[in-house]
Amino acid sequence: MQKGEIYMRMVDIINKKKNANELTNAEISFAVNNYVWDRIPDYQMSALLMAIYFQGMSSEETANLTMAMVNSGDVLDLSSIKGIKVDKHSTGGVGDKISLVVVPLVAAVGVPVAKMSGRGLGHTGGTIDKLEAIPNYKTELSKNEFIHNVNTYKMAIVGQTANLVPADKKLYALRDVTATIDSIPLIASSIMSKKIASGADAIVLDVKVGSGAFMKSFAKAKDLAQTMVEIGQSLQRKTIAIITNMDQPLGQEIGNANEVKEAIAILRNQGTKDETEIALTVAAYMAVLGGAFSDFNLAYKALEDLLISGAAINKFAQLIEIQGGDKSVIDDLTLLPNAKFSIEVLAEKSGIIQKLNAEEIGIAAMLLGAGRKTKADNIDYGAGVSLVKKVGDVVKEGEALCVLHTNKEEFLTALDTAKNAFLIGKDEVELSPYILARIT
Ligand code: URA
């Protein structure tokens with residue numbers, strides 16, 4: 001022990017939280033650091049996680065946990081990039097290609113976006129996998145290239161580096177097997193630590209709620225959004241959250257290459273209404289936080305104009321080019337990976353689509369090869385699902401509900417899963433709004 005260091009035992013920290021007492025910053029750092037250094041065993045950390053799950057954490061504890069996690073690994077120093085660096089995060093959904101749209105859009109108004117994104121797992125996709133569907137796009141850049149691109153072109157999207165928040169990697173794996181994933185302070189600190197370690201000055205959060213999301217109820221999604229906004233603000237990062245509907249997939253395309261195609265359509269102002277509205281909303285808040293506009297409505301309108309004028313799609317072409325990719329995919333979508341088989345999933349009766357379970361569509365896409373069951377699985381970039389019908393649409397018996405794309409000969413499980421995702425009934429359906437709440 002060093003002079004001035006206080007003697008601590010993990011068992012006392014567990015006991016304190018078990019009895020609903022507030023942990024000090026020193027206790028939280030002790031637990032996180034020693035766990036990352038393998039000096040605290042999994043069984044003690046599991047007990048602490050379960051105590052946090054049941055007793056919760058105060059705002060101060062959650063902010064301290066976030067910073068302890070940030071400091072467990074590399075913290076990107078982006079101080080050489082001029083301007084307010086804005087980032088966005090989605091809590092994960094099905095068909096969510098919003099990052100591909102907002103990065104060039106926000107960069108086009110001069111606000112720097114230095115983005116580190118993740119890969120998909122299970123039924124949700126990841127931005128890095130989608131970008132890797134573009135021939136030769138490099139998702140790894142050296143630190144100098146990354147900073148150069150953001151300074152010069154105002155944008156970069158790369159994968160998270162190996163040593164970004166190692167505490168999160170270890171804790172997430174433990175939470176996964178100890179039934180402690182769905183704890184608001186643990187989710188909030190996990191997400192915010194990665195944003196802060198990757199150098200964001202300001203953050204826009206898109207918290208998804210519904211059948212395809214982590215948060216199944218609006219109350220929980222709101223709680224998570226508020227907790228993350230509080231963490232950001234208490235750590236001097238301007239933070240805004242929106243809560244968006246994930247009861248059915250976003251847009252029509254789920255997969256990798258086909259989501260890139262749909263992102264291109266949105267950037268050409270030919271996207272679906274739900275995706276265009278969410279992308280413009282996220283981008284407008286980013287542009288306001290980045291100081292390009294004083295007001296959300298002004299930003300929204302200006303960004304919409306960029307979709308119409310062609311400036312947004314040109315900026316996406318530039319993003320592809322500066323990261324080594326083939327930008328001609330924008331004008332020739334056949335250059336993107338394709339799948340050998342296209343299978344229509346047909347309606348077994350006539351009626352109106354009452355529900356379209358996003359999680360089941362995500363699982364069908366994964367089974368077709370578009371996602372991973374485990375981290376080690378390879379992706380088939382051409383695989384995925386194209387939705388023909390969405391909630392509220394009228395369908396006739398024998399009409400296509402969706403089309404499956406795959407290179408696999410065996411697709412019956414995926415076909416059944418996709419078919420079961422659609423609930424067809426007689427009632428007219430009232431569509432809920434795409435954006436359910438804003439926490440600013
Ligand atoms: N996403 C994260 O990054 N962390 C969580 O804990 C949950 C979702």
Side-chain angles (χ1 to χ4, degrees), residues 93-101 104 117 119-139 157 159 249-268 270-272 275 313 316-317 319-321 323-346 356 358 360-373 377-390 399-419 421:
V94 178
D96 183 355
K97 66 278 301 169
I98 299 294
S99 288
L100 302 184
V101 178
S117 289
R119 294 184 185 279
L121 187 62
H123 73 278
T124 61
T127 299
I128 290 303
D129 297 324
K130 293 169 202 183
L131 285 168
E132 286 180 351
I134 300 171
N136 303 325
Y137 184 100
K138 279 193 293 177
T139 52
I157 312 182
L250 265 186
Q252 285 171 309
E253 302 295 335
I254 298 96
N256 294 287
N258 55 341
E259 288 198 35
V260 172
K261 289 180 197 166
E262 196 164 41
I264 290 170
I266 304 167
L267 285 158
R268 289 190 191 283
Q270 292 162 1
T272 58
E275 293 183 311
I313 190 70
F316 187 51
L319 174 69
I320 295 174
E321 187 172 33
Q323 295 207 207
D326 179 2
K327 69 173 179 179
S328 48
V329 294
I330 288 190
D331 294 312
D332 184 358
L333 299 177
T334 64
L335 296 174
L336 287 164
N338 272 309
K340 248 191 312 190
F341 307 112
S342 291
I343 309 112
E344 288 191 334
V345 178
L346 305 179
L356 172 48
E360 285 178 17
I361 293 291
I363 291 172
M366 179 189 75
L367 294 172
L368 295 168
R372 300 181 180 83
K373 269 187 230 157
D377 289 348
N378 286 325
I379 293 258
D380 176 353
Y381 295 106
V385 179
S386 300
L387 298 173
V388 180
K389 299 287 178 186
K390 292 197 68 178
E399 258 190 312
L401 294 166
C402 63
V403 182
L404 312 182
H405 310 286
T406 190
N407 287 302
K408 293 187 180 178
E409 309 269 342
E410 200 297 293
F411 47 73
L412 285 181
T413 315
L415 193 137
D416 282 342
T417 309
K419 190 174 276 183

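All figures in this text were calculated on a predicted structure; none of them were measured in a lab.
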Novice: Any chance you could measure Lys340, atom NZ, to Asp380, atom CG, to the nearest 0.5 Å?
Specialist: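 The distance works out to 10.0 Å.
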Novice: Does some side-chain heavy atom of Ile343 sit less than 4.5 Å from a side-chain heavy atom of Val345?
Specialist: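 A side-chain contact under 4.5 Å is absent here.
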Novice: Using modelled atom types only, decide if a donor and an acceptor are shared between the side chain of Thr124 and the backbone of Gly120 within a distance under 3.5 Å.
Specialist: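 No.
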Novice: Under 3.5 Å, is there a donor-acceptor pair between the side chain of Lys97 and the main chain of Lys130?
Specialist: no
Novice: With rounding to the nearest 0.5 angstrom, report the CD to OG1 distance, Glu132 to Thr127.
Specialist: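 Answer rounded to 0.5 Å: 11.0 Å.
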Novice: Just by distance, do the side chain of Gln252 and the backbone of Ser386 share a donor-acceptor pair under 3.5 Å?
Specialist: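 Here the side-chain-to-backbone pair does not exist.
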Novice: What closest approach, in Å, do Ser342 and Val403 show between heavy atoms, and which atom pair accounts for it?
Specialist: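 Residues Ser342 and Val403, closest heavy atoms: CB-CG1, 4.0 Å.
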Novice: Between Leu335 and Pro135, what is the shortest heavy-atom contact and its length?
Specialist: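 Distance-wise, the nearest heavy atoms are O-CG, 3.6 Å.
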Novice: Please name the pair of heavy atoms, one in Ile128 and one in Ser117, separated by the smallest distance, quoted to 0.1 Å.
Specialist: CG1-O, 3.4 Å
Novice: For the backbone of Asn256 and the side chain of Asn258, can you confirm whether one donor and one acceptor N or O come within less than 3.5 Å of each other?
Specialist: yes
Novice: Using 0.5 Å steps for rounding, measure from the CG atom of Leu367 to the OG1 atom of Thr417.
Specialist: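 Those atoms lie 5.5 Å apart.
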Novice: So, applying side chain to side chain contact (heavy atoms under 4.5 Å, CB included) with Ile313, which one of Leu267, Asp331, Ile266 is it?
Specialist: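 Exactly one option meets the side chain to side chain contact (heavy atoms under 4.5 Å, CB included) with Ile313, and it is Leu267.
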Novice: Determine yes or no for a side-chain-to-main-chain donor-acceptor pair under 3.5 angstrom, with Lys390 supplying the side chain and Gly251 the backbone.
Specialist: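 Answer holds: yes.
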Novice: Compare every heavy atom of Ile330 with every heavy atom of Leu333, then report the nearest pair and how far apart it is.
Specialist: CD2-O, 4.2 Å
Novice: Between Arg372 and Asp129, is the closest basic N to carboxylate O distance under 4.0 Å?
Specialist: yes
Novice: So does Leu401 get a backbone contact from the side chain of Lys419, meaning a donor-acceptor N/O pair under 3.5 Å?
Specialist: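 Checked: no pair found.
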Novice: With distance as the sole test, does Glu253 use its side chain to make a donor-acceptor pair with the main-chain N or O of Glu262 at under 3.5 Å?
Specialist: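 Answer holds: no.
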Novice: Looking at Glu259 and Gly255, would you say the former's side chain and the latter's main chain have a donor-acceptor pair under 3.5 Å?
Specialist: yes
Novice: How far apart are the closest heavy atoms of Phe341 and Glu409, and which atoms are they?
Specialist: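 The pair with the smallest heavy-atom distance is CZ-OE2, 4.0 Å.
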Novice: Taking all non-hydrogen atoms of both residues, which atom of Ala257 and which atom of Pro337 are closest, and how far apart?
Specialist: CB-O, 3.4 Å
Novice: Any chance NZ of Lys327 has more than 12 other-residue heavy atoms, nucleotides or ligands included, within less than 6.0 Å?
Specialist: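 No, not enclosed.
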Novice: Got a second to check how far Phe411's CZ is from Leu404's CG, nearest 0.5 Å?
Specialist: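 Phe411 atom CZ to Leu404 atom CG measures 8.0 Å (nearest 0.5 Å).
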Novice: Can you tell me how far apart CD1 (Ile254) and NE2 (His405) are? Round to the nearest 0.5 Å.
Specialist: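 If we round to the nearest 0.5 Å, Ile254:CD1 and His405:NE2 are 9.0 Å apart.
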Novice: With heavy-atom distances below 4.5 Å as the criterion, would you say the side chains of Leu356 and Leu387 are in contact?
Specialist: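 The answer is yes, as the side chains (C-beta and beyond) meet within the 4.5 Å cut-off.
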Novice: Hey, what do you get for CD1 (Ile134) to CG (Leu319), rounding to the nearest 0.5 Å?
Specialist: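 It is 7.5 Å, given to the nearest 0.5 Å.
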Novice: Is there a donor-acceptor pair under 3.5 Å between the side chain of Asn407 and the backbone N or O of Ala383?
Specialist: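 No: the side chain of Asn407 does not pair with the backbone of Ala383.
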Novice: Under the side chain to side chain contact (heavy atoms under 4.5 Å, CB included) rule, what do Lys261 and Leu336 come out as? Steps first, then yes or no, please.
Specialist: CA-CA 8 Å; Lys261 289 180 197 166; Leu336 287 164; 3.7 Å; yes
